[in-house]
There are 2 protein chains.
Amino acid sequence: MKTPEELVARFREQGYKVTPQRQLIFRLLNGNTAHPTAETLYEVAAEQMPGISLRTVYQTLSELSAMGEVQHIDLGSGAVRFDPNVDDHHHVVCSTCGVVHDVYVNQTPLQFEGDVEGFAVHSTRIVFSGECAQCAHLSA
Amino acid sequence: MKTPEELVARFREQGYKVTPQRQLIFRLLNGNTAHPTAETLYEVAAEQMPGISLRTVYQTLSELSAMGEVQHIDLGSGAVRFDPNVDDHHHVVCSTCGVVHDVYVNQTPLQFEGDVEGFAVHSTRIVFSGECAQCAHLSA
DNA sequence: TGCTAATCAACAAGTCGTGCTAATTAGCAA
DNA sequence: TTGCTAATTAGCACGACTTGTTGATTAGCA
Ligand SMILES: [Mn+2]
Ligand SMILES: [Mn+2]
Ligand SMILES: [Zn+2]
Ligand SMILES: [Zn+2]
């Protein structure tokens with residue numbers, strides 16, 4: 001994702017108004033590695049701006065997604081998570097606590113075999129599931 | 001997934017009754033590579049057994065899933081898909097028509113780097129997205 | 001044969017996300 | 001500064017998917 005300042009410029013170029021709500025969301029996403037859901041982002045936003053609506057958070061995330069500034073990640077476990085990291089990367093997910101971390105896989109593009117003659121791969125998503133160090137500690 | 005005959009035995013062992021509905025679902029899943037949703041499986045089932053309920057299809061799929069006989073795959077695009085293939089395999093998905101095919105990746109386990117000290121990987125899911133040969137043909 | 005699980009219809013509910021409306025606010029261009 | 005119009009808000013509804021519940025009926029199997 002671009003910096004909040006660059007996003008402000010980008011939004012103005014596109015004819016979108018630069019509102020305090022949007023700017024707050026830009027700042028909250030900037031450098032955010034938590035892979036938040038819209039809901040959790042809303043909760044943090046509401047602390048700094050009581051009265052902001054969940055609807056607006058969803059709306060701004062959709063705009064950023066359409067602009068390619070954030071990625072949305074569906075791990076199949078409830079709500080979609082939003083990721084300001086749009087580099088080519090993948091994820092590890094702790095099955096116990098649900099934490100999500102970025103990982104980088106360098107053997108890509110991956111080779112595969114199967115009955116998929118002529119299939120043109122555009123993107124590859126890898127999700128590693130398991131148990132994080134903290135959860136392993138607690139259960140030990 | 002085991003064969004329908006083996007599943008019948010397995011269900012009886014577990015104290016589950018072997019009903020015509022369950023047996024039909026066993027047969028419909030056997031060798032099924034379509035990665036159907038509960039709904040699509042229900043539609044096919046209803047042709048052969050008018051009156052079977054969607055609820056029962058969901059129920060039986062849950063039982064099979066709990067027994068490890070089917071896998072459920074959430075591609076983040078609507079309903080969960082069910083897969084009687086429980087081998088270690090992965091999927092290609094056509095973004096245009098939604099078709100899902102099995103693929104096998106042999107350079108697993110994959111290496112990755114990131115801020116994930118001490119994370120124990122239990123499973124890896126890979127989804128290749130792109131365009132299938134048929135869709136490429138039609139759009140050309 | 002009889003106990004009990006399974007099924008069914010019908011409906012509700014929960015989660016996630018979007019749509020809509022009407023009123024208010026406020027960004028920004030002229 | 002003014003004025004057009006987008007944006008926000010509250011509030012409610014809805015759609016998709018899945019599970020829960022209830023009460024009546026069916027049927028598996030010991
Ligand atoms: Mn990420
Ligand atoms: Mn499969
Ligand atoms: Zn954990
Ligand atoms: Zn296709």
Q: Rounding to 10 degrees, work out the angle separating the end axes of the helix from C:dT1-D:dA30 to C:dA30-D:dT1 (five pairs an end).
A: 40°

Q) Does A:E69 use its side chain to pair, donor to acceptor, with the backbone of A:K2 at less than 3.5 Å? A) yes

Q. Within a strict 4.5 Å, meaning less than it, do heavy atoms of the A:M49 and A:P20 side chains meet?
A. yes

Q: Please state how far atom CD in A:Q21 lies from atom P in D:dA6, giving the value in whole angstrom units.
A: 17 Å

Q | Contact state string [nucleotides 16-30 of chain D, B base, S sugar-phosphate only, - no protein heavy atom under 4.0 Å] | A | -SSBB-------BS-

Q. B:R22 side chain to B:K17 main-chain N or O, any donor-acceptor pair under 3.5 Å?
A. yes

Q | B:T60 side-chain N/O to B:T56 backbone N/O, donor-acceptor pair under 3.5 Å | A | yes

Q. Under 4.0 Å: is that the gap between some side-chain N or O of A:T56 and OP1 or OP2 of D:dT9?
A. yes

Q) Can you check whether B:H89's main-chain N or O pairs, donor with acceptor, with B:D87's side chain at less than 3.5 Å? A) no

Q: Classify the ring geometry between B:F26 and B:F11 as parallel (under 30°), tilted (30 to 60°) or perpendicular (over 60°).
A: perpendicular

(Q) Can you give me the closest heavy-atom contact between A:L29 and A:P84, atom names plus distance? (A) O-CG, 3.2 Å

Q | Donor-acceptor pair between B:H35 and B:D102 side chains, under 3.5 angstrom | A | yes

Q) How many Å lie between CD on B:Q23 and P on C:dT7, as a whole number? A) 11 Å

Q | Whole-Å gap separating P (D:dA7) and CD1 (A:I52) | A | 15 Å

Q.
Using whole Å, what does the distance between atom P of nucleotide C:dA5 and atom CZ of B:R22 come to?
A. 12 Å

